[in-house]
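Worksheet: the structure to be examined is printed underneath.
We name chains A, B, ... by the order of the sequence lines, and we start the count at 1 in each one.
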There are 2 protein chains.
Amino acid sequence: MPTPGEILNLFPFFDETGLGSFIGSVTKIPAGACAFMEGDYSIHVAFIAKGALRVVKTGESGREIVLYKVLPGESCILQLSSVLSGVGYPATAIVEHDVEAIMVPVERFKQSINESQFLRNFVYGSFTKRIAWMMSLIEEVAFKRMDVRLIELLLSRTSPEQPELNMTHERIALELGTAREVISRLLKNLEHDALVELARGKVTIINRNGLDAILPDR
Amino acid sequence: MPTPGEILNLFPFFDETGLGSFIGSVTKIPAGACAFMEGDYSIHVAFIAKGALRVVKTGESGREIVLYKVLPGESCILQLSSVLSGVGYPATAIVEHDVEAIMVPVERFKQSINESQFLRNFVYGSFTKRIAWMMSLIEEVAFKRMDVRLIELLLSRTSPEQPELNMTHERIALELGTAREVISRLLKNLEHDALVELARGKVTIINRNGLDAILPDR
DNA sequence: CAGGAAAAGTGACTTTGTCACTGACTCTGA
DNA sequence: TCAGAGTCAGTGACAAAGTCACTTTTCCTG
């Protein structure tokens, strides 16, 4: 359970907005739960204090792609956007790690945003960050090769000290918006080149530099 | 040249925000010009009164994809976002049809947005609209087949009365974020099936229902 | 009307996505 | 302890899309 101090660290505008009274009431949602479904209307705005949300778009084929994640200190812009303009939530949000969040009722939030420039700046900042993120996602999906995207994911989620990634091929495929078979094939190639080691539900990086070398120059 | 009345129709919040004085000063930018380059910092916020902007992301390969268009009555959220949080503009904006725009200096805009809820609502609305749009773009790019996307473009830009589309294959490819050859091939197939007629720089729809029938049910 | 630029066509090849499987691992409860 | 039932991964064949390196066609324009 985060202390009020921790929460104020994450959301410094909270005490200037008259929202301070909500700091005490933390809502918990367990991993795996679905925080929002496509089309939902929210009655609260959630400020994440702990855990992580995964925001996902599902194509009709059932294939998924992860749009972005919401981490502590953040709020979900899709929810902000949905609340601020009364439109249904345009994607699905799944709890990735147990979430603790401060829920502010919509009306209260709308009032505060009219009063507090700090809160507005927080909201603008959230929008900006996500928009930039989504644009680079579009670029990635439209232009980058799958092997490059896979390697980038592998490298970004592991480190020389912690070279193991505990994800199934299926899960990686969902993150990248592709099919499981594709990931299996690519990983198999990497294993063949002695860059990674595969096990059920696990990928171990055994040659970071080798992987890095495959990426286009930079 | 749009009259003040027309401008107030497009941007009704203008006279309540103290921005009315800018209505007179319309800036023109000719088609083909580059309104913003990736990385730029704006000193104005543009409210489009006439014409159209095309906002484009370019991959390192040189391939492009059109993120969205800015039409009269709108403002470019990337610019809003860039201005409101002091980050460089994350894409390129090209003038598609001669633009006439009202340019409000950044400082003035920031002041107004603190004062006017109408302006804020306009901004939130712009964000919401674009975000929803970009999300469906991600879905399209990640999941939809190219032929479907092409046909959707053909149908949406023509009508039974006006069945001709004056675009080169190159241009269509840029809109959809793919390669010219792919579009040429797909169009060739459609021509072979007697659904369209091709000419240099022009596509003529000769069987709308036939095209429509190819799209997944709905 | 020649010559050059822009637009479109082509074929060979690679990468990615899809389908329909099979096989391997792991857990749970009888 | 071992028998299914899931879950996870591998495979081969094929279709769709992207890339490369051209050639051919069309349209200006001087």
Only distances under 3.5 Å count here; give the side-chain donor-acceptor pairs of residues 2-11 of chain A to other protein atoms, sequence neighbours excluded, each with its distance to 0.1 Å.
from: Thr3(A); atom 1: OG1; to: Gly5(A); atom 2: N; distance (Å): 3.4
from: Thr3(A); atom 1: OG1; to: Glu6(A); atom 2: N; distance (Å): 3.1
from: Glu6(A); atom 1: OE1; to: Thr3(A); atom 2: N; distance (Å): 3.2

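Using a 4.5 Å cut-off on side-chain heavy atoms (C-beta onward), Phe36(B) and Ser42(B) make contact. Residues Glu139(B) and Leu137(B) are not in side-chain contact: their nearest non-hydrogen atoms beyond the backbone lie 4.5 Å or more apart. In this structure, the side chains of Val123(B) and Ile113(B) come closer than 4.5 Å at one or more pairs of heavy atoms. Side-chain contact between Ile183(A) and Leu176(A) is present, with heavy atoms from C-beta onward closer than 4.5 Å.
Between Asn189(B) atom CG and dA8(C) atom P there is a gap of 16 Å when expressed in whole angstrom units. In this structure, Glu197(B) atom CD and dA8(C) atom C1' are separated by 16 Å, rounded to whole Å. Across the protein-nucleic acid pair, Lys188(B) atom NZ and dG11(C) atom P stand 11 Å apart, rounded to whole Å. Atom P of nucleotide dT15(C) and atom CG of Leu176(A) are separated by 18 Å, given to the nearest angstrom.
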Restricting to nitrogen or oxygen on both sides, can you table the protein-nucleotides 24-28 of chain C pairs closer than 3.5 Å?
from: dC25(C); atom 1: O2; to: Arg200(A); atom 2: NH2; distance (Å): 3.4

List, with names and distances, any nitrogen or oxygen atoms from the protein found under 3.5 Å away from nitrogen or oxygen atoms belonging to nucleotides 16-19 of chain C.
from: dT16(C); atom 1: OP1; to: Met146(A); atom 2: N; distance (Å): 2.6
from: dG17(C); atom 1: OP2; to: Thr178(A); atom 2: OG1; distance (Å): 2.4
from: dG17(C); atom 1: O3'; to: Arg63(A); atom 2: NH1; distance (Å): 3.4
from: dG17(C); atom 1: N7; to: Arg185(A); atom 2: NH2; distance (Å): 2.8
from: dT18(C); atom 1: OP1; to: Arg63(A); atom 2: NH1; distance (Å): 3.3
from: dT18(C); atom 1: OP2; to: Arg63(A); atom 2: NH1; distance (Å): 2.9
from: dC19(C); atom 1: N4; to: Glu181(A); atom 2: OE2; distance (Å): 3.2

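Residue-level contact check: Ala173(A) touches neither bases nor backbone, having no heavy atom under 4.0 Å from any strand.
With sequence neighbours excluded, the residues satisfying salt bridge (Lys or Arg N to Asp or Glu O under 4.0 Å) with Glu96(A) are Arg54(A), Lys69(A). Residues satisfying the salt bridge (Lys or Arg N to Asp or Glu O under 4.0 Å) criterion with Asp147(A), sequence neighbours excluded, are Arg145(A).
Between chain B and DNA chain D, the heavy-atom contact criterion of under 4.0 Å yields a 5' to 3' nucleotide range of dA16(D) to dC27(D).
Remark: side-chain polar atoms of Trp133(A) are paired, donor with acceptor, to backbone N or O of Leu67(A) under 3.5 angstrom. At least one donor-acceptor pair under 3.5 Å links the side chain of Gln79(A) to the backbone N or O of Ala46(A).
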*asked:* What verdict does the side-chain hydrogen bond (donor to acceptor under 3.5 Å, both in side chains) test give for Arg208(A) and Thr158(A), after you've listed the backbone C-alpha separation in whole Å, the side-chain angles of each residue and the deciding distance to 0.1 Å?
replied: CA-CA 10 Å; Arg208(A) 280 187 89 79; Thr158(A) 58; 2.9 Å; yes
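Separation of the Phe47(B) and Phe14(B) ring centroids falls under the 6.0 Å cut-off.
For His169(B), a side-chain nitrogen or oxygen approaches OP1 or OP2 of dG9(C) to under 4.0 Å.
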